[in-house]
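Naming: A, B, ... by sequence-line order, numbering from 1 per chain.
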Amino acid sequence: MPEITCREALNQALHEEMARDPSTFILGEDVGLYEGSFKVTKGLLARFGEKRVLDTPISEAGIVGMACGAAMTGLRPIAELMTINFAIVAMDQIMNHVAIVRYMFGGQVKVPLTIRAPGGAGHQLGAQHSHVLEAIFMHCPGLRVIVPSFPADAKGLLKSAIRSDDPVMFIEHEGIYGVKGEVPEDEFTLPLGVADIKRRGTDVTIITLSRMVYVCLEAAEELAGEGIQVEVVDLRALNPLDMLTVLESVRRTHRAVTVEESWLTGGWGGEVASRIMEQAFDQMDAPVFRLGCADVPMPYSKHLEQSAIPNVRKVIEAVRSVL
Amino acid sequence: METKKERSLLESRDLLGMYRDMVRVRQFEEACPKLYSQGKMGGFLHLYSGQEAVGVGVAHAIHKQDYMISAYREHGLLIAKGGRPEKVMAELFGKATGVSRGKGGSMHLFDPELRFMGGYGIVGGHLPISVGVAYSILYREGDEVAVCLFGDGATNQGVFHEAMNMAALYQVPMIFICENNGYGIGTSVLRASAMEELYKKSCAYETPGEKVDGMDVLAVYETVRRAVQRAREGGGPSYIEAITYRFRGHSISDPGTYRSEQEKRIWQERDPIPNFARWLVEQGKATREDLEKIDGEEKDLIREAIRFAEESPFPDPEELWTDVYVES
Ligand SMILES: Cc1ncc(C[n+]2csc(CCOP(=O)(O)OP(=O)(O)O)c2C)c(N)n1
Ligand SMILES: [Mg+2]
């Protein structure tokens with residue numbers, strides 16, 4: 001299998017899906033002529049033209065609302081938000097419209113819309129450009145929330161997200177666009193809401209997603225040197241939430257740690273932990289440990305920022321604390 | 001402005017259709033407060049009485065396949081577009097036979113067949129959605145248009161400006177229609193908008209803006225018709241401000257202390273229905289008897305609608321969990 005970057009994998013998915021379905025179009029700030037702030041939309045304008053690759057003004061609510069209206073009337077839009085931070089500007093459209101119109105109108109309309117947005121902390125971008133918001137979208141029924149880590153996952157999941165008849169928040173991580181991985185050459189898709197065990201282990205289950213998968217895999221490798229076998233479950237999605245895989249794993253390891261880059265308080269780790277408590281309490285040998293971002297607005301200064309975000313050392317400590 | 005000649009283009013049949021639709025909407029709305037106080041309905045209830053000439057004028061100026069999308073004061077709009085009063089009433093009763101199957105309520109009516117793309121409760125929230133609906137038409141190279149109705153209050157929302165800008169930028173086939181009834185709840189336009197003449201707000205987007213007497217169904221009809229024609233011919237979006245008045249409170253629970261009796265009286269005299277009736281008779285388009293017959297038929301229709309709503313079942317308890325996702 002060829003190794004390509006996450007960015008290339010996503011770009012392939014966009015090219016393939018737009019070629020496959022003429023009702024698919026992409027809109028967003030700088031997606032066309034500029035080929036995307038992170039170059040994920042490279043080559044699309046040249047190949048598909050202005051009608052299907054629509055550069056928009058800096059109007060996030062306008063972008064998402066427009067995409068919603070197009071989706072409600074038979075198109076299959078992909079809205080790119082320059083970063084997830086700006087989704088907050090469009091939150092009314094996302095939570096008050098996109099997510100709920102199907103239900104509110106008695107199931108008479110569907111919203112086959114994919115909202116793509118990169119996010120994530122760790123680049124000294126300060127408090128307004130470092131948000132990790134997947135937990136917020138997980139809170140809202142009606143939205144699918146997909147958060148990939150490996151390039152192959154990114155490609156297979158984005159293709160499925162675009163084909164889904166439900167609205168999907170597809171949250172990419174700025175920190176992994178350049179990471180390489182094997183991606184099958186042949187056409188493939190991945191089911192939305194199926195977790196993937198990225199490393200097998202017997203002693204502790206780490207439940208994580210997005211860039212933190214890489215951090216946890218590094219920690220697992222180090223712990224293996226000490227004879228501690230860590231299983232790493234990559235959720236890949238928060239909605240649907242694959243508790244089946246999580247529960248199967250923790251019933252074998254009897255110990256669990258959640259690792260997320262979102263704020264710890266109200267993060268998704270709390271949800272996963274309480275579901276483990278509800279459904280596997282008797283099989284657990286220790287309380288679930290939650291590791292997350294410090295509950296502070298993200299500081300700029302490098303060492304302060306790094307101290308807020310989970311890292312390999314913190315993951316190792318977290319694993320030790322449940323042994 | 002509309003000319004006498006243009007008006008005469010309308011056949012008597014169409015004119016009586018407009019009259020009938022306005023009466024239907026009024027009868028429907030005026031039946032609601034009693035039903036509300038009897039506990040048949042819950043939640044918010046925003047009535048359209050007084051504004052009928054706008055909705056009916058708009059609905060008659062577009063085709064069945066044209067899209068309509070609106071804010072929450074929309075019973076009259078859906079009915080004017082051909083919505084069955086009994087299915088609207090059933091929705092207000094929260095019944096399974098309602099237009100949104102009992103899951104929407106008064107503010108969230110929807111009808112895909114009539115291409116009524118919904119009533120929305122977040123002021124201004126549906127404006128960008130309407131641009132997307134119109135973009136769909138452009139994308140498919142269809143010849144339909146989209147009309148988007150909203151209140152004066154919505155013109156002060158950020159998304160109003162985003163939507164106006166994007167509609168003009170992409171030259172989508174749509175008409176923005178502001179129903180200026182003078183107030184956003186208790187705050188008058190004067191106290192909410194730095195620009196009192198709301199139709200001028202589209203000038204920043206090089207979109208033609210026009211105001212029309214929203215108490216005159218024919219004036220609304222003609223103005224909208226011209227904008228629709230322009231949109232169909234690829235001339236892009238338009239913006240129309242219809243000056244109107246709501247005869248009732250903002251919602252059913254509004255005591256209405258912010259409007260003077262004198263003001264209300266002046267507007268009551270401009271009631272679009274009796275004025276249009278008088279005009280029809282004067283012009284020899286109809287007799288008093290013709291109109292009374294229509295009044296009676298519509299009264300019966302609404303009585304039937306209430307009976308239908310009353311006798312319809314509530315949604316099955318299982319319905320709580322359906323329609324959240326297409327793919328569960
Ligand atoms: C974003 C938002 N803010 C506030 C409200 C509360 N609210 C409901 S209706 C309304 C007044 C809107 O006035 P207008 O747009 O003129 O419509 P009208 O009710 O007069 O038809 C307000 C403030 C809301 N629904 N949405
Ligand atoms: Mg108003």
Side-chain angles (χ1 to χ4, degrees), chain A residues 22-23 25 27 50-52 54-75 77 79 89-90 92-93 95-113 140-144 160 163-167 191-193 239-240, chain B residues 67 69 91 96 98-105 107-113 115 117-122 124-142 144 146 148 157-159 161-167 169-170 172 315 319 322-328:
Chain A
S23 70
F25 75 103
L27 72 168
E50 282 189 343
K51 190 174 85 176
R52 297 187 62 196
L54 195 60
D55 276 319
T56 65
I58 307 161
S59 305
E60 285 76 13
I63 294 164
V64 174
M66 191 175 154
C68 180
M72 290 169 75
T73 46
L75 299 185
V89 177
D92 171 53
Q93 288 301 321
M95 293 183 76
N96 251 331
H97 296 86
V98 170
I100 61 176
V101 286
R102 175 174 175 75
Y103 191 92
M104 185 166 97
F105 296 139
Q108 300 177 98
V109 68
K110 59 183 187 182
V111 187
L113 161 63
C140 178
L143 292 176
R144 297 304 191 188
S160 297
R163 293 184 199 185
S164 169
D165 278 341
D166 290 310
L192 303 180
N239 182 343
Chain B
Y67 292 96
I69 184 167
E91 187 61 34
V99 285
S100 299
R101 303 179 49 237
K103 286 177 162 177
M107 297 190 285
H108 306 308
L109 308 177
F110 193 83
D111 193 323
E113 253 115 77
R115 294 203 157 171
M117 297 313 290
Y120 297 78
I122 303 299
H126 64 294
L127 272 75
I129 293 179
S130 72
V131 181
V133 170
Y135 190 72
S136 258
I137 300 169
L138 199 68
Y139 196 93
R140 288 185 270 106
E141 293 169 10
E144 313 100 293
C148 174
Q157 277 281 24
V159 280
H161 297 275
E162 293 188 25
M164 276 262 156
N165 182 47
M166 291 170 92
L169 202 56
Y170 306 130
V172 295
E319 281 292 319
T322 61
D323 305 325
V324 183
Y325 304 99
V326 179
E327 299 152 9
S328 48

Can you give me the closest heavy-atom contact between B:Pro128 and A:Ala61, atom names plus distance?
CB-O, 3.8 Å
Might you point out which heavy atoms bring A:Tyr103 and B:Thr322 nearest each other, and give the distance in Å?
CE1-O, 3.1 Å
Rounded at 0.5 Å granularity, tell me how far CZ in A:Phe105 sits from CG in B:Leu109.
8.5 Å
Hits for side chain to side chain contact (heavy atoms under 4.5 Å, CB included) against B:Leu138, two or more places apart or cross-chain, chain-then-number order -> B:Tyr135, B:Val172, B:Pro173
In terms of heavy-atom contacts, B:Ser136 and A:Ala70 come closest through OG-O, 3.4 Å
Among B:Ala134, B:Gly125, B:Ala163, single out the residue with the greatest number of heavy-atom pairs under 4.5 Å to chain A.
B:Gly125
Just wondering, do B:Val133 and A:Met72 contact through their side chains at under 4.5 Å, heavy atoms?
no
Most chain A-contacting option - heavy-atom pairs closer than 4.5 Å, from B:Arg101, B:His108, B:Glu91
B:His108
Does the A:Asp166 side chain pair with the main chain of B:Val326, one donor and one acceptor, at a distance under 3.5 Å?
yes
Do B:Glu141 and A:Lys51 have side-chain heavy atoms sitting under 4.5 Å apart?
yes
I'd like to know which of A:Cys68, A:Ser164, A:Pro167, A:Gly74 tops the heavy-atom pair count under 4.5 Å against chain B.
A:Ser164
Is chain A contacted by the side chain of B:His126, its backbone, both, or neither, given a heavy-atom distance below 4.5 Å?
backbone
Looking at B:Met166, B:Glu327, B:Met107, which makes the most heavy-atom pairs under 4.5 Å with chain A?
B:Glu327
Test item: B:Tyr325 and A:Arg144 side chains (from C-beta on) under 4.5 Å apart, heavy atoms:
yes
Drop me the distance from A:Ser59's OG to B:Met164's CE, to the nearest 0.5 angstrom.
13.5 Å
Among the listed options A:Val111, A:Val64, A:Asn96, the residue most often paired with chain B at heavy-atom distances under 4.5 Å:
A:Asn96
Should the ring pair B:Tyr120 and A:His97 be called parallel, tilted or perpendicular, given that the plane angle runs from 0 to 90° and is split at 30 and 60?
parallel
Who passes side chain to side chain contact (heavy atoms under 4.5 Å, CB included) against B:Glu144, sequence neighbours left out?
B:Gln65, B:Asp66, B:Tyr67, B:Arg115, B:Ile137, B:Arg140
Is the shortest side-chain heavy-atom distance between A:Met104 and B:Ser100 below 4.5 Å?
no
If you count heavy-atom pairs within less than 4.5 Å of chain B, which of A:Pro57, A:Pro240, A:Ala71, A:Pro77 leads?
A:Pro57
Rounded to the nearest 0.5 Å, what separation is found between the OG1 atom of A:Thr56 and the CD atom of B:Glu162?
9.5 Å
For residues A:Gly106 and B:Lys103, report the shortest heavy-atom separation together with the two atoms involved.
CA-CD, 4.1 Å
Looking only at heavy atoms, the pair that brings A:Thr73 and B:Gly132 closest together is OG1-O, 4.3 Å
B:Met117 portion near chain A, given a 4.5 angstrom heavy-atom threshold
both
Determine whether a donor-acceptor pair (N or O, by modelled atom type, separation under 3.5 Å) exists between the side chain of A:Gln108 and the backbone of B:Asp111.
no
Heavy atoms of B:Val324 and A:Gly142 approach each other most closely as CG1-N, 3.6 Å
Close side-chain approach of A:Gln93 and B:Ile129, heavy atoms under 4.5 Å
yes
From B:Ile122 atom CD1 to A:Asp92 atom CG, the distance as rounded to the nearest 0.5 Å:
5.5 Å
